[in-house]
Structure formats: structure tokens, C-alpha cells
Amino acid sequence: MTAPGLAPSLGNPGGPGASKATEATIDDRLLAARARSGDREAFARLVALYTDRLHAMLLNLVNGDRDLAAELTQEAFVRAFDRLDQFAGGSSFYTWLYRLARNRALDVLARKRPVAAGDEALERAASAPSPADAVANEDLRARVREALATLPPDVREILLMREFDGLDYEAIAEALEVPVGTVKSRLSRARAELRSRLEGSVRAEDVP
Amino acid sequence: VSADGTDLAELACSRLDGDLADDEWRRLLDAHGPPLTAALQREAAMRDALRGLPRVPAPAAVREAVLAHVAAPAVRTRAQAWWWTAGVLAAACIGAALSLQWLMPEPPASRPSETTVAVREHASAPAEAPGAKRELELPADRKDDVRTVAPIASESLKQPTEAGPAVGGDGVGGANELMAKNEPPTSPPLQAKAMAGARATAEKDASGVREQAQRRAPLDSAAAAKPAPPASAAPGRVGGKPDVKPDSDAEVATLREEAETYASGHAPPAADAPVPLEVRQEAQSVERSRQNALARKTHEAAAKDQGEAVASDVDRVAGLPTATGLAKLDEGRDRRLAGGETGDGKGQDKRGMVTSDDADAPTNGAVTRQLAEPAAAPSNADAATPAARIELAVEAEPPVAVLTLLNDGQDAVQVQARSLRLEGLDASGTRCWERGTGQPADDFMLSHGRRVLRIELSGELAPPTTVVRLRAHWGDAVSGTRERLPAADGRNAPAAAPPPAARP
């Protein structure tokens with residue numbers, strides 16, 4: 001018996017989200033091909049599709065630094081546009097776009113002091129309207145954000161890619177340019193690391 | 001972690017990832033109880049917390065900046081293209097300027113001409129390299145040819161009456177070069193024949209030039225009658241005769257007779273031997289050379305350009321007809337073929353030149369005359385022209401002198417009775433008798449072909465007994481001498497005297 005409400009809707013290859021992801025990937029490739037041939041409207045469509053998603057991912061990766069997230073997002077799209085001829089179409093456009101962004105983000109994070117949990121920007125972002133979390137899991141989310149911010153960037157990244165961005169193992173493997181098995185092992189270690197950071201904070205009674 | 005060391009969190013993750021089926025999960029629940037359920041809830045809560053992290057939309061400025069960047073490349077590309085084009089043009093201008101500077105030709109004074117370079121290369125070429133240098137020096141067996149033949153044409157133009165062997169013979173390099181290109185004969189008889197042919201051609205040319213000179217500036221009769229030194233005075237004359245300069249008419253007549261007899265195929269009276277094949281071939285070669293010379297003279301008469309005349313001299317020395325002469329020969333050949341006038345015992349080669357297949361043909365007499373009597377060639381006086389000549393044959397029964405008038409030219413020749421005469425020579429070769437022929441009754445025009453006149457030699461017309469040999473004259477053209485009383489076998493008579501042609 002499956003626990004109600006806990007089955008993941010994204011990242012399951014057999015789930016309904018897979019077909020949507022596949023359709024999105026096909027659309028991505030078509031749009032990228034048109035953009036590569038000089039169709040600026042196609043690239044504008046890609047920008048509209050993935051700007052917010054990439055920005056949100058990068059904002060959590062950089063622990064709520066909005067300016068940096070915006071800068072990284074803009075830079076990723078510019079680089080993608082300038083390097084459209086290098087997009088072979090073997091993967092989804094978003095995976096390729098994220099790969100362009102993460103290298104720059106990890107480089108920046110390696111030189112930047114760790115963002116303390118409860119950063120003002122992240123607090124403000126967390127205060128954004130989220131009807132479900134706002135009521136029941138506000139405290140838990142706060143502790144998860146604090147624990148996540150203390151994780152190394154690569155560990156935080158793979159957790160966010162899997163849980164926050166909903167990428168499957170193959171997409172993560174493409175973005176990180178590692179095998180799928182490596183993704184699974186890294187993800188298992190990242191969860192264990194996060195659990196150890198949440199020890200004592202995440203209790204069974206906190207779960208609604 | 002359970003009491004038995006099982007990581008309940010891992011089991012919960014596997015369950016949430018879908019790796020554990022319901023039956024397996026139910027068995028694990030029965031085994032571990034509520035701690036596994038609590039672990040599953042904690043793992044799910046953590047994932048929900050991660051999934052519920054704030055999703056802050058990107059600022060509008062980010063999209064605008066990206067879209068601006070997307071729209072900008074066109075302008076940027078145009079600007080880059082402009083700068084690229086400008087750079088390329090500038091580089092091209094600089095390169096062109098440098099190229100022009102480098103490729104600017106040097107002043108003519110410091111730049112050797114192609115001729116100079118060629119001469120330098122020729123001088124610097126190793127002598128042992130095959131074909132590197134074209135030496136003017138010929139093989140020993142060819143030097144005589146060059147010395148004998150080449151200067152004749154050049155000197156005959158300047159000194160018609162003083163033709164002689166030149167020293168060195170390097171003044172006519174072109175002729176030497178042309179001669180050097182010919183393959184030298186390998187056997188002595190062939191060498192002799194080739195030399196004889198070339199010599200006859202050169203002498204014929206010399207006589208033609210002399211005639212032109214006479215036309216331009218007539219000399220007195222004594223000077224005109226003075227014979228030019230025969231080519232036989234040069235080394236290597238036909239028959240291997242020693243160099244002899246005739247001092248008297250008797251010697252001239254004797255030499256002339258000997259050469260005539262030798263080349264015409266008639267055996268000398270003392271030696272009744274068959275005609276050698278080499279002599280027959282030599283006579284044919286001489287005949288061909290004579291025809292070539294005739295064609296060239298026709299061309300030279302028409303040519304007024306001095307440069308063309310010089311080129312003709314080179315061809316003459318090399319024994320080759322000029323282009324104009326060839327054209328005239330072709331024209332004459334066609335005319336003869338059309339008129340059916342080829343039945344004169346002569347063949348025609350590809351160039352239309354008349355060749356003789358029979359050494360006993362009547363033309364041999366004229367050939368011999370050219371060899372032995374270069375100065376007695378028909379002149380333009382009276383009815384005789386350079387193309388006209390006369391041959392004599394004597395028949396014993398009844399005694400008749402057969403005169404054959406031949407016109408090898410394309411133009412008709414007027415034949416006058418007063419221009420024909422017979423003369424007799426005594427045993428010493430001195431002329432002791434002369435009379436007219438009495439024929440033809442009326443003057444006529446002799447077109448290309450021949451006419452035979454039979455002159456009786458009996459009765460009152462018989463020559464005196466002191467006459468042992470006869471000779472015929474047609475203007476300045478002189479036939480060979482014939483025995484007054486021919487041999488019994490009739491060899492002195494023409495082999496096949498054609499019937500008299502109809503008068504035009």
C-alpha cells in the first residue's frame with residue numbers, strides 16, 4: 001500500500017509527468033532548432049518557458065541571493081543564445097541550459113561565503129504565498145532551508161535538481177555529465193547528509 | 001536505524017522512489033512496525049519541504065535583457081561585418097601596394113633581356129650535356145658539304161662570275177644549320193650522290209641568280225659568255241674526278257662530254273659497261289633538284305620583296321623549294337594533269353615535282369649539261385627561256401639529227417627557225433662547222449611540253465667529214481654533243497622519241 005500523498009509526481013519515468021516532460025523535450029528541441037536557424041521568436045519562446053524555472057532553481061542554489069540568481073539566469077540565456085550551434089539536441093534544452101548556468105553558479109559559490117540560514121532574501125521568498133506550506137509546514141520548511149544552506153553546493157544542487165526541480169535521474173546525469181548510477185549514489189548520500197542536518201529538527205510529529 | 005541495524009530511512013527512500021512493491025513494503029511493515037512508518041513520514045516531509053521551497057519568478061529585467069541580447073546580434077553582426085569588411089579591404093589595399101612594389105619591373109638597363117639570358121644559358125651549359133649546346137661544327141664528313149654548298153648562294157648573289165669554295169663557310173649559319181639537320185648519308189656512294197644533288201641545285205640557283213643579274217645590268221657578250229667555274233672544281237665532285245680548271249674550249253668540251261656521258265647513263269666509248277645503279281639514282285636525284293630549282297626561280301622572279309628573297313636563298317641552299325614555288329608546282333601539276341601532259345616518261349611525286357624513273361630519259365642530257373656546263377644554261381635571249389632546253393640525237397639510217405625542244409616552264413616559248421642551229425666538232429673538239437636547221441618553217445609557240453624536229457644530214461646538208469660530233473643550239477640553250485655516226489646498237493639515239501606534238 002502506497003502512502004497517500006507521498007508518491008512523487010515528477011521524476012517517475014512511468015508516471016504521467018514523464019509524457020509531459022517528453023513532449024516538453026520535443027518542443028524544446030524544435031524550438032532550439034528553429035532558434036539555431038535564426039528564428040528569434042523561437043528563442044524568445046524558450047526564454048519565456050524556462051526563465052522562471054531556472055531562476056528559481058538558481059535562487060535556491062545560491063541560497064536566496066536574488067541578484068546573483070538573476071545575473072546567473074540572464075548570463076545562462078545569453079550564453080545559450082550565443083552557443084546555439086553547439087546544442088546538438090541530444091538532451092532537453094533546459095538540461096543544456098542548466099549545465100551552462102551551474103558551472104558559473106558553482107564557481108561563484110565556491111568563492112562566496114556560505115549564506116547563513118534564514119537569509120533575509122530567502123525569508124522574503126519563503127514568505128511568498130504558498131497556501132499549503134504556509135499553514136502546516138512553515139516551521140519544517142524553515143528548518144529544511146537552514147539545513148540545505150549548510151550543505152555543500154554540489155550536494156545541495158543534486159537534491160534541488162531531484163526534489164525541487166523534479167528532474168529524473170537521466171536528466172540529472174545529462175546536466176551533471178555523470179552516469180545515472182553516480183546520480184543515484186550521490187543523491188542517496190545527499191539525502192543522508194540532509195537528514196543528519198535535520199536530526200532533531202524534523203520529527204515525525206512535524207509532519208502534518 | 002532499527003534494532004537489528006536496518007536503516008529504516010533507506011527503506012523509506014526506496015519506498016518513496018518506487019523501488020519497493022506493496023507486498024514487500026507490507027512485509028517490512030510487519031517486520032519493523034511503527035518505526036518504519038515514522039521514517040517514511042519523515043522522509044516524505046523532507047521531500048515535501050524541498051519541493052515547497054520558494055519559486056521566485058525571475059525579474060522582468062532578466063527577460064528584457066535576454067530578449068534585448070537576442071535582438072541585438074543583428075545590429076552587432078552588421079557592425080562586426082562592417083568592421084570585418086573594412087579590415088579586409090584595408091589588408092587587401094596594403095597587400096596590393098606591397099605586391100606592386102615587389103612586382104615592379106626592374107629598370108631595363110639592369111634587367112637582362114631574354115636573348116641575353118638565353119645566350120648566357122647557352123654559354124654556361126655543359127658541353128658534355130647532350131643537346132645542351134648546338135655546335136656549329138659538323139662531322140668531318142659533312143664539313144665539305146657545308147663549305148661547298150652553303151657559300152654558293154650567298155656569293156653568287158654578289159659575284160655571279162666568281163663562285164668558288166668559301167673558307168670556313170660559317171657566314172651562313174642558317175644554311176649550315178639546315179644542312180646539319182639533314183641526316184648524313186652513311187655509305188660513300190650515297191654521300192657522293194647527295195653532294196652531287198646539292199651541288200647541282202646550288203649551281204642551278206647560281207645560274208638563275210646570274211640571269212637575274214644579267215637582266216638587271218646586261219653585261220657585254222664576252223663577260224656573259226664567260227662560264228662560271230663549275231662545281232666540279234670543288235672537292236668531292238661526281239665521279240671522283242680531280243680538281244681541274246679548264247683553260248681552253250677543248251678542255252671544257254672534253255670535261256663536259258665526260259660528265260654528260262657519265263650522268264646520262266651512256267657508257268663511254270672506251271668502256272662498254274652497264275650503267276651502275278648508283279649513277280641512275282644520282283641522275284634521278286639531280287633531276288629532282290633541277291625541278292626544285294626551276295620552281296624556286298619561278299618564285300623568285302615573282303618575288304619582289306627582298307626579305308622573301310633572302311629566305312629563298314636559305315631554302316635554296318638547303319635544297320628545299322619555297323612555299324610559293326611549291327604552290328606554283330602544285331598549280332602546274334594540276335594543270336598538267338588536267339591537260340593530260342604527263343606522258344613524257346616522268347613521274348610526279350606528292351609535291352608535284354617531276355621525277356624521272358628512267359635514267360635513259362631524254363632529260364638526262366640536260367641534267368648532264370647542268371653539271372658540266374653551268375654557264376651554258378638557257379638564257380632569256382631569243383626564244384629560249386630558262387625553262388626551255390634542247391636535246392640532240394643522231395640517227396644513222398638515214399642520217400638525221402633529231403632535235404627535241406623542251407619547255408619545262410608554264411609559259412609558252414616562241415620557237416624561231418633562226419634561233420636553231422647545228423654545229424660540228426672535229427676530233428679535237430673544236431667547232432669546225434655550223435649551219436641552220438631550216439626548221440621550223442614558221443615560228444610557233446611551244447607550250448609546256450616538247451617538239452621534235454628531224455634535220456636531214458645527207459646530201460648537201462651533210463656536214464663535212466672532219467665533223468665527228470654534233471651539237472645543237474636553241475638560242476643560248478645548248479644540247480649535249482653526239483657522235484655523228486652513232487653506234488650500231490643505237491644507244492646514241494633517244495630511247496623513245498615522242499611523236500611531234502601538234503603546233504599550238
Side-chain angles (χ1 to χ4, degrees), chain A residues 1-3 5-8 10-12 14 35 40 43-44 47-48 51-56 59-60 64 66 69-71 73-74 77-78 81-82 122 124-128 130 132-133 137 140-141 143-145 148 159-160 162-164 166 188 191-192 194-195 198 202-204 206-208, chain B residues 1 7-30 34-77 80:
Chain A
M1 186 181 73
T2 303
L6 295 179
L10 293 175
N12 186 359
R40 291 183 174 81
F43 190 80
V47 172
T51 301
D52 289 343
R53 181 180 175 181
L54 180 64
H55 178 264
L59 181 62
N60 286 284
R66 289 196 170 200
E71 179 184 345
T73 302
Q74 177 179 335
F77 275 105
V78 169
F81 181 78
D82 293 341
L122 199 56
R124 288 198 301 270
S127 62
S130 177
D133 296 343
N137 299 325
L140 178 61
R141 287 196 295 269
R143 289 196 294 268
V144 167
R145 286 196 301 270
L148 194 64
L159 282 174
L160 290 173
R162 174 62 182 171
E163 306 301 338
F164 178 79
S188 178
R191 285 170 176 156
L194 180 60
R195 277 195 301 270
L198 291 176
V202 181
R203 295 181 299 270
D206 292 334
V207 177
Chain B
V1 180
D7 190 347
L8 299 180
E10 287 294 328
L11 293 177
C13 286
S14 297
R15 174 60 180 168
L16 291 177
D17 290 340
D19 295 336
L20 294 176
D22 292 344
D23 297 340
E24 180 65 18
W25 178 250
R26 195 172 298 111
R27 186 184 63 79
L28 290 173
L29 282 178
D30 294 340
L36 182 56
T37 303
L40 179 63
Q41 291 176 346
R42 284 194 301 271
E43 186 65 26
M46 186 180 67
R47 293 189 180 188
D48 286 343
L50 290 173
R51 203 175 297 125
L53 291 175
R55 298 180 182 270
V56 180
V62 173
R63 271 191 206 84
E64 292 172 359
V66 172
L67 294 177
H69 176 80
V70 171
V75 179
R76 187 169 57 251
T77 301
Q80 290 176 351

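Numbers restart at 1 for each chain; the letters A, B, ... are given by sequence-line order, proteins then strands.
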Peer 1: Within 45 degrees of the axis of the six-membered ring of A:F164 and under 6.0 Å from its centre: does B:R47 put its NZ or CZ there?
Peer 2: no
Peer 1: Locate the shortest heavy-atom distance separating A:L140 from B:A49; write the atom from each residue and the value.
Peer 2: CG-CB, 4.2 Å
Peer 1: Give, as side chain, backbone, both or neither, the part of A:L54 having an atom under 4.5 angstrom from any heavy atom of chain B.
Peer 2: neither
Peer 1: Donor-acceptor pair, B:R55 side chain versus A:A56 backbone, under 3.5 Å?
Peer 2: no
Peer 1: For the residue pair B:V66 and A:F43, establish whether any side-chain heavy-atom pair is separated by less than 4.5 Å.
Peer 2: yes
Peer 1: Taking the side chain as every heavy atom from C-beta outward, state whether A:L194 and B:L50 have any pair of such atoms under 4.5 Å apart.
Peer 2: yes
Peer 1: Measure the OG1-CZ distance between A:T73 and B:R63 for me, rounded to the nearest 0.5 Å.
Peer 2: 10.0 Å
Peer 1: Is B:E10 paired with A:R191 through a side-chain N to carboxylate O contact shorter than 4.0 Å?
Peer 2: no
Peer 1: Can you tell if the side chain of B:V62 reaches within under 4.5 Å of the side chain of A:E71, non-hydrogen atoms only?
Peer 2: no
Peer 1: What's the spacing between A:E163 CD and B:D48 CG if we round to 0.5 Å?
Peer 2: 9.0 Å
Peer 1: Hey, does A:Q74 have a side-chain heavy atom less than 4.5 Å from the side chain of B:P59?
Peer 2: no
Peer 1: Check whether any side-chain N or O of A:N60 sits under 3.5 Å from a backbone N or O of B:P54 as a donor-acceptor pair, and report yes or no.
Peer 2: yes
Peer 1: Pick from A:A70, A:A48, A:A44: which one has the most heavy-atom pairs with chain B under 4.5 Å?
Peer 2: A:A70
Peer 1: Going by heavy atoms in the side chains, are B:L53 and A:L148 under 4.5 Å from each other?
Peer 2: yes
